[in-house]
Amino acid sequence: ALSIGHIFVGSCNDDIASSILQCLMERSVEELKAEPLSRFLGLSLGLLYQGKQDQVETILETLQVLPKVLAKEISTMVVMCAYAGSGDVCKIQEMMHTCGESVDEDNAEESEAKCLATIGISLIASGESIGVAMAKRSFSHLMHYGDASIKRAVPLALGFLHASEPEVSVIDTLSKYSHDADGEIAAN
């Protein structure tokens with residue numbers, strides 16, 4: 001699925017999208033969660049709609065037939081791919097809203113959606129300088145007030161925000177996070 005997503009990136013190919021959706025619907029949530037590579041099904045859908053902001057609504061509606069937690073996670077991936085680099089403030093606010101939702105820490109599925117939303121903020125904001133500055137301030141707040149899954153995603157999000165565009169303050173921040181007591185924050 002991931003290879004096909006890379007080959008047909010941005011094509012909005014309905015046949016491939018339906019095949020991936022069928023594959024998702026044929027499996028139970030337990031099956032999909034037990035296999036870590038099943039996340040690539042959602043990512044491949046996102047890649048099919050890379051940069052196609054206007055054409056993503058139909059697939060997002062179709063994803064609602066999946067169980068709620070799975071639909072939320074995959075929808076977040078599709079939206080962050082479709083709006084990557086656009087600087088769309090409304091989509092950034094949607095991602096921030098997802099990060100702000102209260103969730104039981106033990107609910108790993110909802111924590112994954114929050115983690116993806118954190119990374120989605122950086123991918124969407126990376127297109128323009130004001131969005132980058134806003135995202136960096138948001139990440140600072142998320143590191144102070146966010147739950148563990150968000151804090152673990154912030155170093156990755158900062159890296160995506162400044163891919164091939166290093167900034168000394170971000171390098172210092174990432175260096176500080178690399179010595180964090182939480183092993184996952186340090187690894188990310």
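Both backbone and side-chain heavy atoms feed into the values below; hydrogens, waters and symmetry mates do not.
Applying the side-chain hydrogen bond (donor to acceptor under 3.5 Å, both in side chains) test to residues at least two apart or on different chains, the pairs with a partner in residues 168-187 are Arg152-Asp182, Glu167-Ser169. For residues 49-62, there are no side-chain hydrogen bond (donor to acceptor under 3.5 Å, both in side chains) pairs, not counting sequence neighbours.
Interatomic distance, OG of Ser126 versus CD of Glu165, reported as 9.0 Å (0.5 Å rounding). Separating the CD1 atom in Ile119 from the OG1 atom in Thr76 is a distance of 11.0 Å, to the nearest 0.5 Å. Atom-to-atom distance recorded for Ile74:CD1 and Leu63:CG is 6.0 Å, nearest 0.5 angstrom. One finds the CD1 atom of Ile121 at 6.0 Å from the CG atom of Leu142 (value rounded to the nearest 0.5 Å). For the atom pair Leu21 CG and Leu66 CG, the distance stands at 6.5 Å (nearest 0.5 Å). With values rounded to the nearest 0.5 angstrom, Ile130 atom CD1 is found 10.0 Å from Met134 atom CE.
The backbone N or O of Glu94 sits less than 3.5 Å from a side-chain atom of Thr98, completing a donor-acceptor pair. Under a 3.5 Å cut-off, the side chain of Asp147 and the backbone N or O of Ile150 do form a donor-acceptor pair. A donor-acceptor pair is defined here as one N or O able to donate and one able to accept, closer than 3.5 Å; such a pair exists between the side chain of Ser38 and the backbone of Leu32. Between the side chain of Glu35 and the backbone N or O of Glu31 there is no donor-acceptor pair closer than 3.5 Å.
Residues Ile7 and Leu47 are members of one and the same hydrophobic cluster, defined by side-chain heavy-atom contacts under 4.5 angstrom among Ile, Leu, Val, Met, Phe, Trp and Tyr. One hydrophobic cluster, built from ILVMFWY side chains closer than 4.5 Å, cannot hold both Tyr145 and Ile92; they sit in different ones. Val65 and Val29 fall into different hydrophobic clusters, where Ile, Leu, Val, Met, Phe, Trp and Tyr are joined by side-chain heavy atoms under 4.5 Å apart, directly or via other members. Taking hydrophobic clusters as Ile, Leu, Val, Met, Phe, Trp and Tyr residues chained together by side-chain heavy-atom distances below 4.5 Å, Val89 does not share a cluster with Val56. Both Val132 and Met143 are part of a single hydrophobic cluster, where members link through side-chain heavy atoms under 4.5 Å apart.
Annotation: Leu37, atom CG; neighbour count of heavy atoms from other residues, nucleotides and ligands within 6.0 Å is above 12.
For the residue pair Ser11/Asn13, the side-chain donor-acceptor check at 3.5 Å is not satisfied.
Across every non-hydrogen atom of Cys115 and Ser149, the tightest pair is CB-O, 4.1 Å. Pairing each heavy atom of Pro155 with each of Lys151, the nearest pair is CD-O, 3.3 Å. Residues Phe40 and Ala1 come closest through the heavy atom pair O-CB, 4.4 Å. Heavy-atom minimum distance, Gly42 versus Met77: C-SD, 3.9 Å.
Within the 4.5 Å cutoff, the side chain of Leu43 has heavy atoms near those of the Cys81 side chain. In this structure, Thr118 and Met95 have side chains that are not in contact, with every pair of non-hydrogen atoms separated by 4.5 Å or more. Between Leu161 and Val170 the shortest side-chain heavy-atom distance does not fall below 4.5 Å. In this structure the side chain of Leu2 never reaches within 4.5 angstrom of the side chain of Leu41, judged on heavy atoms. Lys91 has its side chain out of reach of Met80: every pair of non-hydrogen atoms, C-beta onward, lies at least 4.5 Å apart.
The existence of a salt bridge linking Lys33 and Glu73 is confirmed by a sub-4.0 Å separation between a basic side-chain nitrogen and an acidic carboxylate oxygen. The residues Lys72 and Glu101 are annotated as salt-bridged, a charged nitrogen and a carboxylate oxygen being separated by less than 4.0 angstrom.
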Just do the side chain to side chain contact (heavy atoms under 4.5 Å, CB included) check on Ser44 and Phe8 with the steps written out, would you? CA-CA 9 Å; Ser44 63; Phe8 292 95; over 6 Å; no

Side chain to side chain contact (heavy atoms under 4.5 Å, CB included) between Ile16 and Leu45: does it pass, once the steps are laid out? CA-CA 8 Å; Ile16 296 171; Leu45 270 178; over 6 Å; no

Give the intermediate values and the outcome of side chain to side chain contact (heavy atoms under 4.5 Å, CB included) for residues Gln64 and Ser75. CA-CA 9 Å; Gln64 298 311 309; Ser75 295; 3.7 Å; yes

Do Val9 and Leu48 pass the side chain to side chain contact (heavy atoms under 4.5 Å, CB included) test, and can you show the C-alpha distance, the side-chain angles, and the key distance before you say yes or no? CA-CA 5 Å; Val9 68; Leu48 287 176; over 6 Å; no

